[in-house]
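FYI, side chains are in, hydrogens and waters are out, and symmetry mates aren't considered; it's all heavy atoms of this structure.
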Protein chains: 2
Amino acid sequence: MQREINGRPVIETARGPVLTPCAPGSVLARLGDKWTILVVSMLALSPDTPMRFGAIRRGIPDISQRMLTLTLRSLERDGLVARHYYPEVPPRVEYELTARGRSMLDPLAAFTGWIRDTWQDIEASRKEFDDVERSGTSAN
Amino acid sequence: MQREINGRPVIETARGPVLTPCAPGSVLARLGDKWTILVVSMLALSPDTPMRFGAIRRGIPDISQRMLTLTLRSLERDGLVARHYYPEVPPRVEYELTARGRSMLDPLAAFTGWIRDTWQDIEASRKEFDDVERSGTSAN
DNA sequence: CGGAATCCCCGATGATACTG
DNA sequence: CAGTATCATCGGGGATTCCG
């Protein structure tokens with residue numbers, strides 16, 4: 001039978017297991033980029049009413065207009081976000097998570113919950129690692 | 001009280017919610033990079049016995065020696081992977097997940113499981129989106 | 001207001017060669 | 001075998017400007 005880990009088929013060979021490169025990687029790469037999780041988080045805060053572009057932007061202090069536009073476009077392309085355009089003057093554009101987008105929230109929360117519970121330990125390990133590295137290279 | 005989403009504190013303002021930029025982002029960014037999940041997956045395949053550098057490398061067809069070294073170093077720095085160096089000739093180096101690293105597997109699997117169950121729908125949405133875009137820009 | 005277009009920079013990643 | 005050093009490349013993403 002076929003083993004699998006993290007959505008990836010595993011081929012057993014004489015020299016050991018080999019992971020199959022496959023499509024889920026491109027999904028993970030998109031969701032793991034600099035802004036996507038933050039944008040999804042903003043939309044998740046307002047599950048019942050769509051959010052305006054400007055409201056999302058104000059919720060993510062450091063995002064540029066360009067990157068918010070691109071991120072929302074990617075999410076829309078993936079069917080995770082719906083875009084509603086109202087051709088008024090000035091124009092109004094609203095976004096909301098689709099059913100598929102909402103279906104991601106619980107699994108995502110499981111993972112970000114682990115991060116929330118662990119990141120302080122990780123930070124401590126990083127500091128220790130960097131300190132040892134510095135003292136190890138003491139001659140410098 | 002303080003709301004929170006995906007590990008991120010939410011500040012309520014008159015103009016709407018604002019996400020707090022915070023450290024968990026750097027953890028998510030590291031784990032979401034091109035190779036980390038694959039390396040963790042390889043090590044997870046062998047929970048009881050450490051894996052040699054070369055075995056990990058063979059399991060991830062397209063990774064370069066350099067990127068595997070860098071990725072393992074980052075994971076070691078974060079306390080997620082332990083490195084064992086045996087100064088033989090030729091040298092042998094083995095890696096394994098730490099307890100902290102193993103504690104990540106279930107939450108991670110929750111998320112990658114969602115991807116595994118959803119990516120075909122996402123692929124379909126992408127294709128449709130791209131087709132509509134092409135026909136919409138029909139003049140070109 | 002929301003977004004497209006342009007320019008530009010830097011860091012992530014790959015290829016290659018060398019070392020203990 | 002595992003790791004480091006160096007160089008080249010490519011794309012993410014920021015700043016700015018113009019558009020409907």
> To the nearest Å, how far apart are B/L70 CG and D/dG3 C1'?
10 Å
> Between A/D78 and A/R100, does any side-chain N to carboxylate O distance fall below 4.0 Å?
no
> Start at the 5' end of DNA chain C and walk down; is the nucleotide closest to A/P90 or to A/R73 reached first?
A/P90
> So B/Y86 and B/H84, would you call those rings parallel, tilted or perpendicular, with 30° and 60° as cut-offs?
tilted
> For the pair made of CD1 in B/I60 and P in D/dA2, what is the distance, rounded to whole Å?
14 Å
> What's A/R57 touching, base or sugar-phosphate or nothing? Going by heavy atoms closer than 4.0 Å.
nothing
> C/dG14, D/dG14, D/dG3: which one has an atom nearest the side-chain heavy atoms of B/M67?
C/dG14
> Report yes if at least one side-chain N or O of A/Y95 is closer than 4.0 Å to OP1 or OP2 of C/dG3; otherwise report no.
yes
> C/dG2 C1' sits how many Å from A/R83 CZ, rounded?
8 Å
> Give a yes or no on whether a salt bridge exists between A/R126 and A/E128, defined as a side-chain N under 4.0 angstrom from a carboxylate O.
no
> Could you state the atom-to-atom distance from CD1 of B/I63 to P of C/dA15 in whole Å?
12 Å
> With nearest nucleotide decided by heavy atoms, which residue, A/T69 or A/P91, maps closer to the 5′ end of DNA chain C?
A/P91
> Rounded off to whole Å, could you give me the CD-to-P distance for the A/E94 and C/dC1 pair?
14 Å
> So does B/S64 get a side-chain nitrogen or oxygen closer than 4.0 Å to the phosphate oxygens (OP1/OP2) of C/dT13?
no
> Check B/R116 with A/E4, please: is the shortest side-chain N to carboxylate O separation under 4.0 Å?
yes
> Expressed as a whole number of angstroms, how long is the span from A/I56:CD1 to C/dC1:C1'?
13 Å
> Which nucleotide wins on minimum distance to the side chain of A/W35, given the candidates C/dG3, D/dG13, C/dA15?
D/dG13
> Is there a side-chain hydrogen bond (donor to acceptor under 3.5 Å, both in side chains) between B/D33 and B/T36? Walk through the geometry before answering.
CA-CA 6 Å; B/D33 77 358; B/T36 298; 2.6 Å; yes
> Tell me the interatomic distance from B/K34, atom NZ, to D/dG11, atom C1', rounded to whole angstroms.
11 Å
> Within less than 4.0 Å of OP1 or OP2 of C/dA15, is there a side-chain N or O belonging to B/R66?
no
> Please state whether the phosphate of D/dG20, meaning OP1 or OP2, lies under 4.0 angstrom from any side-chain nitrogen or oxygen of A/R92.
no
> Just how far, in rounded Å, is P of C/dG20 from OH of B/Y85?
11 Å
> Closer to the 5' end of DNA chain D via nearest nucleotide, is it B/F53 or A/D33?
B/F53
> Would you indicate what A/Q65 reaches in the nucleic acid, counting non-hydrogen atoms under 4.0 angstrom: base, sugar-phosphate, or nothing?
base
